[in-house]
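Structure, as structure tokens:
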Amino acid sequence: MSKTNILSLLLLACVFTFSCSRQNITKSTTKADEEAVANFDVQQIDFQYFSSKAKVHYKDGNNDMNANMNIRIKKDEVIWASLTHPLGIEGARILVKPDSIYIHDKINNSNTAYGLDFINQTFDLDLSFQNLQAILLGNLPMPKGEQDRLMNDMANGVYQLHQENGNIFVNNYVQHENMKLVKLDIRDALTGNAFTINYNDFGDLDDYSFPYRNVISGTVAGEDGSQDVNISIIHNRPNITDKELSFPFNMPN
């Protein structure tokens with residue numbers, strides 16, 4: 001697989017792996033538990049437009065590469081990314097909308113389009129644009145629910161919010177000091193896929209605290225067995241604004 005294709009699939013991998021929406025779950029919880037979760041106030045970044053320049057390092061069993069990434073988001077409507085070789089050659093552009101995903105491979109001059117219905121059927125998941133948007137910003141990927149479980153890990157200075165969505169198990173680790181999400185553990189009980197996201201190097205972004213470094217590590221099942229995947233994203237100039245941003249993309253017919 002070419003480097004361009006791998007980098008293009010990087011964002012798709014995040015979508016496929018981490019997109020999960022709330023379902024009804026039967027579990028016994030107490031009224032006290034429900035109230036604790038309802039009052040659990042995690043700091044979430046609110047915005048109209050978000051942009052950032054970042055450096056990406058991708059490594060698996062066969063590939064080890066670096067790229068520069070420009071990313072822009074219009075809240076709940078568009079995620080746009082441009083992936084560029086460190087030497088300055090743009091390799092791919094990706095456009096994600098609530099109902100579709102487009103990839104433009106600039107090196108091979110080809111376009112690929114995915115409708116969410118196709119993705120949902122192929123990967124057996126309930127795709128949510130909002131889940132991916134939240135993960136990119138370091139917000140809770142799943143909304144809080146009455147059946148969630150909240151634990152206080154005093155020794156490590158974090159709260160742990162446990163959530164389940166069918167066969168998907170999510171543990172959110174929220175730091176006592178700033179009430180920010182600092183770690184995500186996500187596991188698929190059926191496929192065995194498991195990922196951990198660590199949010200590090202927090203800095204100011206307007207009135208919010210933003211993780212400038214995100215490290216994703218996990219194990220993905222494939223035809224040739226499981227393989228380890230590691231992705232590091234270091235943001236350079238994140239910005240949130242009310243000023244309209246452009247999302248240049250040659251949309252395929």
Side-chain angles (χ1 to χ4, degrees), residues 6 9-25 27 37 40 42-45 54 56-61 71 73 79 81 94 96 101 114 116 119-120 122-153 156 158-175 179-200 202 210-211 213-222 225-235:
I6 292 172
L9 288 173
L10 173 61
L11 196 57
L12 281 178
C14 292
V15 175
F16 296 154
T17 305
F18 303 122
S19 295
C20 42
S21 63
R22 175 66 61 192
Q23 298 176 357
N24 292 326
I25 302 169
K27 186 186 296 181
V37 171
F40 186 55
V42 182
Q43 185 192 136
Q44 307 273 67
I45 295 176
V56 180
H57 179 223
Y58 176 94
K59 183 177 182 179
D60 61 24
I71 184 168
I73 304 175
I79 297 174
I94 302 169
V96 183
I101 301 172
Y114 299 90
L116 292 196
I119 294 174
N120 292 343
T122 303
F123 293 90
D124 191 25
L125 48 79
D126 189 5
L127 184 63
S128 167
F129 178 94
Q130 282 72 23
N131 299 145
L132 176 61
Q133 176 180 267
I135 286 172
L136 290 171
L137 290 166
N139 290 339
L140 289 178
M142 293 171 60
K144 294 183 299 180
E146 294 180 353
Q147 304 301 326
D148 296 346
R149 288 177 290 163
L150 181 63
M151 292 158 281
N152 189 354
D153 184 352
N156 293 304
V158 294
Y159 298 100
Q160 184 180 152
L161 181 67
H162 178 80
Q163 300 174 296
E164 297 183 16
N165 175 41
N167 56 289
I168 302 294
F169 295 81
V170 180
N171 282 319
N172 306 269
Y173 297 85
V174 177
Q175 194 171 53
M179 292 304 294
K180 283 294 298 181
L181 182 68
V182 293
K183 181 180 176 182
L184 272 175
D185 281 334
I186 304 174
R187 179 172 61 88
D188 187 325
L190 291 182
T191 65
N193 292 347
F195 275 79
T196 295
I197 308 175
N198 285 287
Y199 296 102
N200 304 304
F202 284 86
F210 178 78
R213 180 182 178 89
N214 307 334
V215 179
I216 305 168
S217 58
T219 303
V220 181
S226 298
Q227 69 169 332
D228 294 332
V229 175
N230 292 278
I231 305 168
S232 174
I233 301 174
I234 301 176
H235 292 274

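If you're wondering where the values come from, they're calculated on a predicted model, not measured in any experiment.
Proximity of a side-chain donor or acceptor of Lys183 to a complementary backbone N or O of Tyr173 within less than 3.5 Å is not detected. A donor-acceptor contact shorter than 3.5 Å links the side chain of Asn139 to the backbone of Ile45. Panel note: side chain Gln160, backbone Asn171; no donor-acceptor pair is recorded below 3.5 Å. Although no hydrogens or angles enter the test, the distance criterion places a donor-acceptor pair under 3.5 Å between the side chain of Gln163 and the main chain of Pro143. When atom types are taken as modelled, the side chain of Asn230 and the backbone of Ser217 share no donor-acceptor pair closer than 3.5 angstrom.
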For this session: Show the numbers, then the answer: is there a side-chain contact (heavy atoms from CB on, under 4.5 Å) between Phe202 and Lys180?
Result: CA-CA 9 Å; Phe202 284 86; Lys180 283 294 298 181; 3.8 Å; yes
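The closest side-chain heavy-atom distance from Leu150 to Asp148 is not below 4.5 Å. In this structure, the side chains of Val174 and Leu161 stay at 4.5 Å or more apart for every pair of heavy atoms. At least one side-chain heavy atom of Leu184 sits under 4.5 Å from a side-chain heavy atom of Tyr199. The side-chain heavy atoms of Asn172 and Tyr159, taken from C-beta on, include no pair separated by under 4.5 Å. In this structure, Arg149 and Glu164 have side chains that are in contact, with non-hydrogen atoms separated by less than 4.5 Å.
Across all their heavy atoms, Val42 and Met179 have their closest contact at CG1-O, 3.5 Å. Heavy-atom minimum distance, Leu140 versus Gln44: N-OE1, 3.1 Å. Nearest approach of Thr219 to Phe195, heavy atoms of both residues: O-CE1, 4.3 Å. Closest approach of His235 to Pro211, counting heavy atoms only: CD2-O, 3.8 Å. Across Tyr58 and Ile231, no two heavy atoms sit closer than the pair CD1-CG1, 3.8 Å.
Here the straight-line distance linking atom CD of Gln175 with atom CG of Asn156 works out to 11.0 Å at 0.5 Å rounding. Taking CG of Asn165 as the reference point, atom CD of Gln147 lies at 13.0 Å (rounded to 0.5 Å). In this structure, CG in Leu181 is found 11.5 Å from CG in Leu137, a value given to the nearest 0.5 Å. Of the inter-residue distances, the one linking Leu136 atom CG with Ile71 atom CD1 reads 4.5 Å to the nearest 0.5 angstrom.
The neighbour count for Lys59 NZ, taken as heavy atoms of other residues, nucleotides or ligands under 6.0 Å away, does not exceed 12.
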